[in-house]
Amino acid sequence: MLELTARLSACLDDAAAVILRSKHVVALAGAGLSVESGIPPFRGPGGLWTKYGEPTNLSYREFIRDPGQWWEDRFRNEDRPGDPTYELKVAVDQAKPNLGHHALVEMEELGLLKCVVTQNVDNLHGEAGSRSLLEIHGNRTWLRCVDCGVRQPRDGYHFDSLPPRCTECGGVIKMDTVMFGEPIPEDVLLASREQAETCDCMLLVGTSGTVNPAARLPLVAKELGAKLIEINPGETALTHACDITLNGPSGELLPLLLIRLKNGEGG
Ligand code: APR
């Protein structure tokens, strides 16, 4: 349980005041936001890459080399313990949005949050009800054609043959989740960059700030005069650039921030 010290309470007041004065607040979400939903992060304590090692940047090239084999391995490994794919699948399959996700939804409904740019593929923002949402690393519940980019839900899709082929253009279909070494789809990259260039305040929620292009977005926003507010139990690669840092779990800090916003409180 988070200890609400006088200092933390004052930082929460300051953060609420900045948000209430801002016209276009954007949240950049990372894996830390889903930790309280039971999903391990990638780096830091309990991180999947900490445990299994960071994947190489060759994942996408391996997929493109033999997509049929990739899908066969995927179906075979999906239920096999001992690798990050399996561990992440088990955790995400049983995860539900936590109070942090719900607080972001309420901030949006209050008109205090214009967009969530998330690096998470777990679909929890959508389940919680976020409407203005950019999933810069894709979404595990969707499939995407490598050639024409058309997306479709994974649920109900019949994998009659491998690799699955796009009915629109005949291209190879992959998971919508962006792989290491895969270019971020142009549409979501441009939209995310536009949010960074438009916002006057960006909340950095549960991200280590180590993976580009997402990690560059806060710096783009700052260069254009935006205030940065970080919510994270620990220090990150972006802490130095932040105007306010709230140290603690987002599932507890975001609801505390929301209370101040609803009361119109600020420092
Ligand atoms: N609340 C908020 N933040 C938390 C919590 C919590 N309860 N628990 C951990 N964190 C923080 C950690 O301190 C860390 O800074 O969440 C961050 C998680 O960092 P990463 O695991 O690196 O996650 P992220 O920044 O989203 O990674 C970016 O890397 O491997 C790729 O595609 C993957 O989207 C991911 C990207």
Side-chain angles (χ1 to χ4, degrees), residues 1-3 8 11-12 15 27-60 63 83-85 87-89 91-92 95-104 116-125 133-140 174-185 188-189 192 202-219 228-242 244-257:
M1 193 64 187
L2 181 71
E3 188 201 348
L8 180 55
C11 287
L12 279 161
L28 174 68
L33 174 64
S34 296
V35 163
E36 286 150 282
S37 296
I39 301 175
F42 296 100
R43 299 168 187 85
L48 286 174
W49 304 156
T50 313
K51 192 169 172 183
Y52 293 100
E54 186 119 359
T56 68
N57 255 325
L58 301 175
S59 310
Y60 184 56
F63 172 81
D83 74 20
T85 309
E87 196 165 322
L88 194 55
K89 176 187 181 314
V92 179
K96 290 281 168 258
N98 64 59
L99 293 176
H101 295 98
H102 292 300
L104 291 176
V116 175
V117 178
T118 190
Q119 300 169 86
N120 301 338
V121 300
D122 55 31
N123 197 43
L124 293 183
H125 293 286
L133 177 64
L134 294 171
E135 296 174 302
I136 196 168
H137 291 165
N139 182 315
R140 70 184 295 259
K174 68 178 290 289
M175 297 284 290
D176 184 43
T177 306
V178 174
M179 294 175 170
F180 274 83
E182 178 181 2
I184 304 274
V188 70
L189 182 59
S192 301
M202 186 178 280
L203 302 181
L204 315 183
V205 184
T207 181
S208 60
T210 51
V211 174
N212 289 321
R216 258 199 305 277
L217 296 174
L219 302 178
L228 300 185
I229 299 170
E230 183 168 61
I231 295 177
N232 196 307
E235 193 164 331
T236 75
L238 293 166
T239 304
H240 68 89
C242 291
I244 300 172
T245 52
L246 304 172
N247 285 129
S250 48
E252 294 182 58
L253 283 173
L254 282 170
L256 288 171
L257 181 60

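Quantities reported herein were computed from a predicted structural model and do not represent experimental measurements. In listed order, ligands and their atoms are each counted from 1.
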A.B. asks: Which residue owns the protein heavy atom closest to atom 1 (N) of ligand 1, what's the atom, and how far is it?
C.D. replies: S250 N, 2.9 Å

A.B. asks: Can you sort out which atoms of ligand 1 are near A31, meaning under 4.0 Å from one of its heavy atoms?
C.D. replies: 23 (O), 24 (P), 26 (O)

A.B. asks: For atom 33 (C) of ligand 1, what's the nearest protein heavy atom and its distance?
C.D. replies: F42 CE1, 3.7 Å

A.B. asks: If we check side-chain contact (heavy atoms from CB on, under 4.5 Å) with I244, which of these qualifies: I231, L203, I229?
C.D. replies: I229

A.B. asks: Taking distance alone, with N or O pairs closer than 3.5 Å, would you say S208 contacts ligand 1?
C.D. replies: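 There is such a contact, yes.
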
A.B. asks: Mind checking whether E36 contacts ligand 1 via backbone (N, CA, C, O), side chain (CB onward), both or neither, at a 4.0 Å heavy-atom cut-off?
C.D. replies: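 Looking at E36 and ligand 1, just side chain atoms fall under 4.0 Å.
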
A.B. asks: Going from CG on N57 to CE on M179, what distance comes out if it is rounded to the nearest 0.5 angstrom?
C.D. replies: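 The CG atom of N57 sits 12.5 Å away from the CE atom of M179.
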
A.B. asks: Looking at atom 6 (C) of ligand 1, what's its closest protein heavy atom, distance included?
C.D. replies: G32 O, 3.3 Å

A.B. asks: Counting heavy atoms only, which of T177, N232, N247 comes nearest to atom 12 (C) of ligand 1?
C.D. replies: N232

A.B. asks: Please confirm whether P233 approaches ligand 1 to less than 4.0 Å, judged on its heavy atoms.
C.D. replies: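 The answer is yes: ligand 1 sits under 4.0 Å from a heavy atom of P233.
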
A.B. asks: What protein heavy atom lies closest to atom 28 (C) of ligand 1? Include the residue and the distance to one decimal.
C.D. replies: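 Among all protein heavy atoms, the one nearest atom 28 (C) of ligand 1 is Q119 OE1, 3.2 Å.
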
A.B. asks: Taking the minimum heavy-atom distance to atom 8 (N) of ligand 1, which of V35, T210, T118 ranks first?
C.D. replies: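 Comparing heavy atoms across V35, T210, T118, the nearest one to atom 8 (N) of ligand 1 lies in V35.
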
A.B. asks: At a 4.0 Å threshold, what atoms of ligand 1 neighbour a non-hydrogen atom of H137?
C.D. replies: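 Ligand 1 atoms under the 4.0 Å threshold to H137: 32 (O), 34 (O), 35 (C), 36 (C).
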
A.B. asks: Any side-chain heavy atom of P97 sitting closer than 4.5 Å to one from H102?
C.D. replies: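 They are in contact (side-chain heavy atoms under 4.5 Å apart), so the answer is yes.
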
A.B. asks: How many angstroms lie between CG in L204 and CG in L228, if you round to the nearest 0.5 Å?
C.D. replies: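 Spacing of CG (L204) from CG (L228) equals 5.5 Å.
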
A.B. asks: Numbering the atoms of ligand 1 from 1, which are under 4.0 Å from a heavy atom of G30?
C.D. replies: 26 (O)

A.B. asks: Using a heavy-atom cut-off of under 4.0 Å, does the side chain or the backbone of R43 touch ligand 1, or both, or neither?
C.D. replies: both

A.B. asks: Run the numbers for me: atoms of ligand 1, each under 4.0 Å from some heavy atom of P41, listed by number.
C.D. replies: 21 (O)

A.B. asks: Between D176 and N139, is a side chain to side chain donor-acceptor pair (under 3.5 Å) present by the stated rule, with each step listed?
C.D. replies: CA-CA 6 Å; D176 184 43; N139 182 315; over 6 Å; no

A.B. asks: So, taking the atom named CG in L254 and the one named CG in L12, what distance separates them when rounded to the nearest 0.5 Å?
C.D. replies: 9.5 Å

A.B. asks: Are any of the N or O atoms of G248 closer than 3.5 Å to those of ligand 1?
C.D. replies: no

A.B. asks: Hey, which atoms in ligand 1 end up nearer than 4.0 Å to a heavy atom of W49?
C.D. replies: 30 (O)

A.B. asks: Need the ligand 1 atom indices (1-based, order shown) with element for anything under 4.0 Å from a heavy-atom of G206.
C.D. replies: 2 (C), 3 (N), 16 (O), 17 (C), 18 (C)

A.B. asks: Got a second to check how far L256's CG is from S250's OG, nearest 0.5 Å?
C.D. replies: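 Rounded to the nearest 0.5 Å, the CG-OG separation comes out at 11.5 Å.
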
A.B. asks: Between H101 and S34, what is the shortest heavy-atom contact and its length?
C.D. replies: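 Shortest heavy-atom contact: NE2-OG, 3.5 Å.
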
A.B. asks: Please tell me if the side chains of N247 and E230 come closer than 4.5 Å, counting only heavy atoms from C-beta onward.
C.D. replies: no

A.B. asks: Hey, is T207 touching ligand 1 through its side chain, its backbone, both or neither, going by heavy atoms under 4.0 Å?
C.D. replies: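 Both the backbone and the side chain of T207 come within reach of ligand 1.
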
A.B. asks: Just wondering, do L33 and L104 contact through their side chains at under 4.5 Å, heavy atoms?
C.D. replies: yes

A.B. asks: Taking distance alone, with N or O pairs closer than 3.5 Å, would you say T236 contacts ligand 1?
C.D. replies: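 No - when backbone and side-chain N and O of T236 are compared with those of ligand 1, no distance drops under 3.5 Å.
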
A.B. asks: Decide yes or no for L253 and L2: does some side-chain heavy atom of the first lie under 4.5 Å from some side-chain heavy atom of the second?
C.D. replies: yes

A.B. asks: Within ligand 1, which atoms have a heavy atom of P249 less than 4.0 Å away?
C.D. replies: 1 (N), 6 (C), 7 (N)

A.B. asks: Taking the side chain as C-beta and beyond, is there a heavy-atom pair between E87 and Y52 under 4.5 Å?
C.D. replies: yes

